[in-house]
Structure formats: structure tokens, C-alpha cells
Amino acid sequence: MTEPVQLQNLIGGRWREGRGGTTAASVNPAEPELVVASGTAADAGDLDDAVIAARAAAADWSRTPAHERGAVLVRAAAVVEAAAGEWGPELAQEEGKTRAEAIGEVLRAAHILRYHGQDADREAGEVFASPRRGERILVTRRPMGVVGVITPFNFPIAIPAWKIAPALTYGNTVVWKPAGTVPLLATRLAEALVDAGLPDGVLNLLIGNGAIGAAISERADVDAVTFTGSTGVGRRIAASGALRGVSVQAEMGGKNAAVVLGDADIELAVDQVLAGAFRSTGQKCTATSRLIVTDDIAADFLSLLGERVQDLRVGNPMEEDTDLGPVITADARQSIQKGVDTALTQGARRIVGGIAYDDGELATGYYVPPTVLELSSNAPDLWRDELFGPVLAVRRAANADQAFAMAADSEFGLSAAVFTQDLTRALQAVEELDVGVLHINSESAGADPHVPFGGAKKSGLGPNEQGRAAREFFTHTSTVYLRGGRAGL
Ligand code: UN1
């Protein structure tokens with residue numbers, strides 16, 4: 001990629017410059033001097049236009065048969081799939097995950113679009129008997145109207161797809177603000193939907209920084225807002241929505257534990273913990289950031305894990321043999337390193353990593369070494385705080401009961417992974433771990449589009465995403481007391 005790709009906003013079916021006058025650009029976090037894409041940011045006036053366009057398109061789109069709405073998504077899925085070889089590398093350069101993961105994410109976006117598109121031909125409500133003669137009670141579903149969609153950097157095309165696809169199939173129109181660091185992949189998804197025949201105004205894309213996202217969440221004429229990102233921003237959006245009577249769905253932080261019990265298949269557990277902690281450079285809300293190992297296997301397990309982490313190749317995500325790319329920004333790198341330094345000051349034991357790169361391309365790019373720290377009981381911060389980077393905090397447990405209690409020791413409850421071949425222990429984990437997503441013998445990250453996704457405890461607010469759960473947020477019920485209207489029948 002030599003010249004930056006030119007970006008525009010999509011408002012009312014037209015691609016146009018933002019009127020904000022400020023530049024919205026993404027840089028390559030592996031080589032920050034390289035601008036990946038650039039355009040003019042949207043301003044408050046553009047947001048007004050986008051909401052007006054989305055409102056104007058809402059009535060017709062909501063009356064378009066669900067089958068036709070779904071067909072647009074199925075066609076968009078084909079466009080995205082065909083472009084994976086091109087957009088995957090763009091994603092790797094804009095976000096920093098490896099090329100293979102990036103191509104995988106583009107294909108995942110296609111899968112999500114196809115699932116929701118095909119699921120449009122579903123039953124559309126329920127019928128209840130009535131206590132009155134000659135009457136039926138129908139519980140039908142209506143779209144919310146105009147939905148604000150605010151998406152994070154870490155899955156620049158898959159998370160937008162998993163919010164926008166159900167928003168659209170359920171008959172809503174959308175005003176979308178992607179993270180300022182990844183406008184190019186947002187543009188690609190919008191292009192795919194336009195190519196697939198989405199009518200004008202049904203999806204509006206605004207590029208720029210967080211101010212536009214905040215402005216979306218402060219409008220009373222947006223009917224619902226769906227957000228994925230940090231806990232602080234999610235709570236502000238939810239508070240702002242509550243003040244204005246706007247529904248909010250917020251997917252936020254995680255401090256997800258992997259629990260490895262003495263009877264686990266060690267090779268499998270090491271592979272999965274590595275994947276959970278270090279794929280996407282640890283930048284997933286579902287990433288494994290805490291590891292609890294029982295004493296009987298701890299020494300062997302940690303020494304094998306340490307060797308495997310040492311062997312991970314950190315480097316440019318576009319190179320074939322890279323395992324870990326950079327994190328998204330210099331600020332992210334700094335705050336992750338600060339979290340590591342604090343843990344070391346508090347007495348954590350360094351198993352591997354932890355020392356910032358100080359020269360060469362790993363220092364110029366926003367690289368953070370994959371790090372595993374064993375915590376003593378007085379190193380509380382790293383056990384509690386989400387760093388959103390390639391850092392794994394480890395503790396040992398005397399037995400399975402203590403291990404599950406340690407896993408539960410978090411204000412968050414997004415995901416967890418438990419490694420055991422003992423069915424009784426696996427069932428105990430199902431009973432005791434209060435999480436939205438539980439993986440038994442697989443990594444803590446990963447989610448399919450046909451089943452609910454969302455966090456327990458402080459990880460999420462509002463209804464879950466995906467599968468049937470999605471309709472709880474993107475529609476409301478309308479209960480119809482239905483009689484024929486002719487007296488005596
Ligand atoms: C995954 O685990 O593959 O922001 C998806 C996130 C989550 C999605 C995780 N909302 O990382």
C-alpha cells in the first residue's frame with residue numbers, strides 16, 4: 001500500500017467529504033509513519049444529515065419483506081468473501097493483527113452476514129390463546145427505528161457485521177461510527193452493503209474520532225445505541241441513553257480466566273492458552289488475561305508455556321511467519337507497559353517478556369512483548385484490571401475448588417476457559433463460573449453468530465448480541481389483540 005486510500009462518509013446513499021475540516025486517517029501500527037487511509041472527518045452537521053437520512057429511510061425499509069432485507073445481506077456476504085484476499089491485508093495493515101488472522105476475520109464477517117441474512121426467514125412472533133371468545137393474541141416484533149452503532153478497533157469488520165447485520169434484518173436503519181483507528185475496513189463493509197443493493201440512507205457511515213460517537217449517544221432522536229468497547233465509555237453511553245430514554249446495548253470489559261486442572265491434557269491446554277492470550281496481540285474482550293493452574297502441574301505447565309511464549313515471533317503482521325503484531329496505538333502500548341511495570345513493582349515474577357523493546361522496528365512500531373507474569377497475592381492490579389494487550393497474569397491454586405473461586409474473583413464475567421477431562425469438574429465449572437461465555441477445553445475467545453454472546457456481571461449492559469438474543473435489542477414487541485370485527489362470530 002503506497003498511497004493512502006481516500007476515505008469518505010456515506011450519508012443518504014452518497015459518498016461525500018466530511019464537513020468537519022479535520023483529517024480522519026489511519027496509520028499502520030507496525031510502521032506508524034505509513035498512513036493507510038485518509039479523509040475528512042464528519043462533524044455535527046454530517047451527523048444531523050445522517051440521522052435525517054436514516055429516519056427518512058426507516059419506514060420503507062421496515063416494510064420491505066424480511067426476505068428481501070436478508071437477501072441484501074446474503075449478497076453482501078458474497079462480496080466480502082470474494083474480497084477477503086484484498087481486504088485481509090488491508091486489515092492487517094490498519095489494525096495490526098497478522099495477515100492470516102485478518103483474512104480469517106474478513107471471512108468471519110461474511111459468515112456473520114450470511115447467517116443473519118438467511119435467518120431473516122424466521123418465524124416472526126408468537127400466537128397466544130385469548131381468554132375471550134373469537135380472539136387471538138399475537139406478539140409481533142417491530143424494529144426499534146434508527147440505531148446508532150459504535151464499534152471498536154479490534155475486529156474492524158467482524159464486530160460491525162455482527163451489529164449491523166441483525167440491525168438491518170430486523171428492519172432498522174443505521175448511523176454507524178467505527179473506531180477512528182480503523183476507518184478503511186469500515187468503508188469496505190459499507191461498500192459491500194452498497195454493492196449488494198442496500199437502499200440509500202439505510203446505512204450511514206461517519207468517520208472521525210470519539211466525539212462523533214459521543215454525539216450519537218447524546219441524541220434523543222436515535223432510538224437505540226449498540227456499543228462495544230471500553231467499560232468507561234460503555235457506561236457513559238448507557239447513562240446518556242437512560243437520560244434520554246434511548247435503549248443501550250454495551251459490550252465492555254473482560255478479565256477472562258483460563259483454569260487448568262491437574263488432569264487436563266497439557267499440550268492441548270498450552271496451545272489453547274497461547275491462542276487465547278496472544279492471538280490478535282491479546283486485544284480481544286474475550287482474550288485470556290488470567291491463568292490459574294493447580295499446584296500439581298503448575299511447575300511443568302508454566303515452564304512449557306514459558307518456552308512456547310518465548311518462541312512466538314513478534315513482527316510485522318504482513319510477514320508470513322509472524323505470530324504477533326503490534327498493539328493499536330502508542331498510548332495503548334504505554335498503558336499496557338505501565339500495567340506490567342506496576343505488577344513487577346508489586347512483586348510479580350517474570351516468567352517471560354515484560355521488558356519493553358527499545359530499539360529497531362519493534363520499538364518504532366507499537367509492539368509489546370508477549371508477557372507472562374506470576375503474581376504473588378499482593379499484586380492485585382494486574383489480576384483486576386483489563387490491559388487489552390499480550391499480558392497473562394498467573395496464579396496457582398491448591399485444588400479445583402480454589403481454582404474456580406479464584407476465576408470468579410473478578411468484577412467482570414465475559415468469558416472463561418476450563419481445561420479438564422473430568423466431567424464432574426467441567427459440570428462444576430458450568431455451575432460456578434458466572435460468565436456469559438464458557439469454553440470447556442478450548443480458548444476463552446471465539447464466538448459463533450447463531451448463539452448468544454455477551455457478558456455477565458460488569459462486562460455487559462442490555463440484551464445480548466447474536467443468534468436469537470439479537471432480536472431482544474433490535475426489536476420491541478407489539479402485542480396485538482386480534483378479533484374479526486363481526487358481531488356474533
Ligand atoms: C471473539 O472472541 O472472537 O470486542 C470475539 C471483542 C468481542 C468479540 C470477541 N466483542 O473482542
Side-chain angles (χ1 to χ4, degrees), residues 91 95-98 100-113 115 149-167 177-179 181-182 185-186 189 213 225-234 237 248-258 272-289 325 327-328 332 336 386-391 412-417 435-440 442-467 469-470 473:
L91 197 165
E95 196 270 348
K97 66 181 65 174
T98 65
E101 280 189 83
I103 291 172
E105 185 190 329
V106 176
L107 294 172
R108 180 178 184 178
H111 176 196
I112 292 165
L113 291 166
Y115 163 72
V149 173
I150 304 174
T151 52
F153 76 84
N154 63 332
F155 286 95
I157 191 163
I159 289 182
W162 88 9
K163 291 180 184 293
I164 291 169
K177 158 65 179 71
T181 41
V182 289
L185 266 289
L189 178 60
V225 175
T226 175
F227 166 83
T228 294
S230 73
T231 305
V233 175
I237 290 174
V248 172
Q249 176 184 56
E251 289 303 331
M252 302 176 289
K255 193 74 195 180
N256 313 299
Q272 294 295 306
V273 168
L274 274 179
F278 300 115
R279 277 205 192 134
S280 296
T281 319
Q283 299 175 109
K284 295 183 187 177
C285 58
T286 46
T288 304
S289 51
V327 298
I328 189 71
I336 295 163
E386 183 182 42
L387 296 190
F388 221 65
V391 181
F412 296 117
L414 183 53
S415 71
V435 289
V437 180
L438 175 60
H439 290 261
I440 308 285
S442 58
E443 58 157 315
S444 63
D448 286 323
H450 63 296
V451 286
F453 178 87
K457 294 156 81 176
K458 299 283 195 273
S459 289
L461 283 170
N464 276 349
E465 304 186 285
Q466 298 303 296
F473 180 71

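Note: hydrogens, waters and symmetry copies are ignored here, and every other heavy atom, side chains too, is used. Sequential numbering from 1 along the given sequence is applied to the chain's residues. All ligand and atom numbering here is 1-based and tracks the order in the structure.
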Between side-chain atoms of residues 453-464 and protein atoms elsewhere (two or more places apart, or another chain), which donor-acceptor pairs fall under 3.5 Å?
residue	atom	partner	partner atom	Å
Lys457	NZ	Ala408	O	3.1
Lys457	NZ	Ser410	O	2.8
Ser459	OG	Gly253	O	2.7
Ser459	OG	Gly413	N	3.0
Ser459	OG	Leu414	N	3.2

Partners passing salt bridge (charged side-chain N to carboxylate O under 4.0 Å, His left out) against Lys255 (at least two apart in sequence or in another chain):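 Scan of Lys255 (salt bridge (charged side-chain N to carboxylate O under 4.0 Å, His left out), adjacent residues dropped) gives none.
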
Any non-hydrogen side-chain atom of Glu105 less than 4.5 Å from a side-chain atom of Glu95?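 Result no, sub-4.5 Å side-chain heavy-atom pair not found.
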
Under 4.5 Å between any side-chain heavy atoms of Lys284 and Phe155, yes or no?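 Contact flag for Lys284/Phe155 side chains = yes.
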
Sequence-distant partners of Leu107, side-chain contact (heavy atoms from CB on, under 4.5 Å), two or more places apart: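 Only Glu81, Ala84, Ile103 meet the side-chain contact (heavy atoms from CB on, under 4.5 Å) criterion with Leu107.
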
What does the list of residues with a heavy atom under 4.0 Å from ligand 1 look like, ordered by chain and number?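 Those residues closer than 4.0 Å to ligand 1 by some heavy atom are Arg108, Asn154, Phe155, Ile159, Trp162, Thr228, Lys284, Cys285, Thr286, Ala445, Gly446, Phe453.
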
Surrounding CZ of Arg108 (heavy atoms of other residues, nucleotides or ligands, distance under 6.0 Å), is the total greater than 12?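 Atom CZ in Arg108 is packed in, count exceeds 12.
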
